[in-house]
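Right, one structure below, let's go through it.
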Amino acid sequence: MGPLVNKHAQIYWTCLKISFVFVWALVIIGMVLGASALCPYPTGICKLYTFSPLFTLPGKVVLLAALAFASFFYLREKYMITSTLVLALLSAIIITYEESNGLYQRATLLSMIWLAQSFAYIAYRYNKNFNLNLFRQQYVVQIICAGYMLAGISKLMQSGFEWPAQSAQLLPIHMMKGFAGDYYSFGNIAYLNKGMAVVGMLSEHYTAFKILLGMSMILELTCFMAIVKPGLRFVYGAALLLMHLGILYTMNILISPFAFPMVIFFMNPLFYIVIGFAKAKQLITKPLV
Amino acid sequence: MQRKLLDKRFSFQFSLSVWQIILLAEMVILLLYVCWEIYWLSKVGTAAIKWHTYFAGFVFGISLLLLLPYAWVHYIKQRSWLLVLYVPLCLLIGEAHPFSNVSMYSSFAPDAYAFMLTDNRDNIIPISKYYSTHSGNLGHEFNSICADMHINGYPDYAKAENVIAIGKVLFAHLQLKEISTPPTDSVKLYMVSYTYGGNKISSNKTLMYNGSVGK
């Protein structure tokens, strides 16, 4: 990590925690509030037990209270092993229940991030020489890198190196679907018009799109470099952010359970905002000589 | 002279550590396994690649990491063990949270579809205005319903009898998410599919449900 981060290590970690809890809570609370008491397509742990009672009205109150308590202790840096394990378990149950209702939000990373942090705290408990400050973040970076690498490996396994060319060919219909979906959901014809404009742009710059798709595949497959060379983490963060913005622009899709944790743990923008404000305040309040 | 050269004796003395013995034994087994796999690959092609192929690679990879004492291996063990463990587990287990092989858009289907709700005069009813969901989520539920009914993608789902069965279930799920009742007596749920024909994208509407809006 750079000298600025090393100097303000505690603030860096606090900003990471606040950012991640905020993003995670938005996704998870939305899932809890929108869930019905039905579990029509049990998957994962819901095949063993559906957890439907947790998604009745009183069950939701209990669930949200448990989430709030665990998050509170996590942010206060108290009982970290218990709070991260509880958050991992509740996260897994809620996301699996959502998937058991046929809704795949691609939220795999959200539970694993809690588990990765719990591993670091458990290791520190049994070995006080363990570099907790480094590994409670580094383990999460490993999980995020694993998620992107799995995306790249799946592309390789399903389509091989033909993926960029195949995708550029079939992308227009999937682009139309994304924008049409918004038109049918919100009734605003502007979405459909935008979809047609983006499809038109793709057909004019077909080769450039193929190259961009190829670069995104390479980016995903080489994501492990963000672990091997920590200095590259910010670079990969910026590149992956551009990739997500490109997907949002062309396909009207934001894979937020991937994008937001990646931005938080690779770039930690809240830290730089906080430091920026502190420095600006210092400059403003500095007496004139 | 030739006889003397052939009679010459050489002696060797070597010792191996436990990890070297285990690794050598593993490599012998792996070599036999690879030969067996190559034989079946030549007979049946890629159908020879089964779960044990990935399992063998996983076991060998993990044992390499655990046994080799070199500094770079120690670095991997310390700095990348979670990634090295998680990726193969996801590839083996597949889609079972918190494991996933993240296969979204790993290949693009030749068709894409969105869902549209209209009144009996085919005027669009914005889904998110009256239901706490989105056309995209209906797409996810559609896939789950098809999987549950053992209907395997395009063109199976487009057959008349399947469309009606799926539409009925999909609309029932939609009604569970009702925020307010749409201002119409009856609704139609359409699947709008987009396909690529020549240089044009063509869309096709399939009526999946036509009935009253009340529960």
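Values below: every heavy atom of this structure, side chains too, minus hydrogens, waters and symmetry copies. Below, chains carry the letters A, B, ... as their sequence lines are ordered, and counting in each starts from 1.
- With hydrogens and angles left out, the side-chain atoms of His173(B) and Asn101(A) include no donor and acceptor closer than 3.5 Å.
- Checking side-chain atoms of Ser135(B) against main-chain N and O of Ala180(A) turns up no donor-acceptor pair under 3.5 Å.
- Going from atom CE of Met157(A) over to atom CG of Leu91(B) covers 5.5 Å, rounded to the nearest 0.5 Å.
- Residues Ile153(A) and Val87(B) have side chains in contact (heavy-atom distance under 4.5 Å, counting atoms from C-beta outward).
- Annotation: Met104(B), atom CE; neighbour count of heavy atoms from other residues, nucleotides and ligands within 6.0 Å is above 12.
- With a 4.5 Å cut-off on side-chain heavy atoms, Met196(A) and Ile201(B) do not count as touching.
- Around atom CZ of Phe55(B), no more than 12 heavy atoms belonging to other residues, nucleotides or ligands sit under 6.0 Å away.
- Per-residue counts of heavy-atom pairs under 4.5 Å with chain B were compared for Ala92(A), Ser185(A), Gly187(A); the largest is that of Ser185(A).
- Among the residues in residues 20-30 of chain B, none has a non-hydrogen atom closer than 4.5 angstrom to a non-hydrogen atom of chain A.
- In this structure, no portion of Glu162(A) lies under 4.5 Å from any heavy atom of chain B.
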Query raised in the report: Stepwise, does the side chain to side chain contact (heavy atoms under 4.5 Å, CB included) test hold for Lys177(A) with Tyr113(B)?
Result: CA-CA 6 Å; Lys177(A) 173 199 99 170; Tyr113(B) 39 81; 5.7 Å; no
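- Heavy-atom pairs under 4.5 Å with chain B were tallied for Gly34(A), Gly44(A), Gly181(A); the largest tally goes to Gly181(A).
- Here the side chains of Ile145(B) and Tyr41(A) are in contact, with some heavy-atom distance below 4.5 Å.
- Annotation: side chain of Tyr190(B) is not in contact with side chain of Tyr184(A) (no heavy-atom distance under 4.5 Å).
- Going from atom CD1 of Ile227(A) over to atom CG of Leu83(B) covers 4.5 Å, rounded to the nearest 0.5 Å.
- Looking at Asn137(B), the atoms closer than 4.5 Å to chain A (heavy atoms on both sides) sit in the backbone and in the side chain alike.
- Counting heavy atoms of neighbouring residues, nucleotides and ligands inside a 6.0 Å radius, atom CH2 of Trp19(B) exceeds 12 of them.
- For the residue pair His97(B) and Thr108(A), no side-chain donor N or O sits within less than 3.5 Å of a side-chain acceptor on the partner.
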Query - From CA spacing to verdict: side chain to side chain contact (heavy atoms under 4.5 Å, CB included), Val84(B), Gln142(A) - result: CA-CA 9 Å; Val84(B) 169; Gln142(A) 285 188 48; over 6 Å; no
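- Within residues 116-129 of chain B, the residues having any heavy atom closer than 4.5 Å to a heavy atom of chain A are Met116(B), Ile124(B), Ile125(B), Pro126(B), Ile127(B), Ser128(B), Lys129(B), listed by residue number.
- Scanning for side-chain contact (heavy atoms from CB on, under 4.5 Å) contacts around Glu95(B) gives Arg106(A), Ser100(B), Asn101(B), Ser103(B), with sequence neighbours left out.
- Looking only at heavy-atom pairs under 4.5 Å with chain B, the residue among Ile143(A), Leu109(A), Thr43(A), Ile45(A) that has the most is Ile143(A).
- The structure places CD1 of Ile173(A) at 12.0 Å from OG of Ser203(B), a figure rounded to the nearest 0.5 Å.
- Aromatic ring orientation, Tyr105(B) versus His174(A): perpendicular (interplanar angle above 60°, classes split at 30° and 60°).
- In terms of heavy-atom pairs under 4.5 Å with chain B, the best-connected choice from Leu156(A), Asn188(A), Asp182(A) is Asp182(A).
- Note: Ser106(B) OG to Gln166(A) CD = 10.0 Å, rounded to the nearest 0.5 Å.
- Residues Arg79(B) and Phe135(A) form a side-chain contact, since some pair of their non-hydrogen atoms from C-beta on lies under 4.5 Å apart.
- Per-residue counts of heavy-atom pairs under 4.5 Å with chain B were compared for Phe186(A), Phe119(A), Tyr148(A), Phe224(A); the largest is that of Phe186(A).
- By the side-chain contact (heavy atoms from CB on, under 4.5 Å) test, Ala151(A) pairs with Lys155(A), Glu220(A), Val102(B), sequence neighbours left out.
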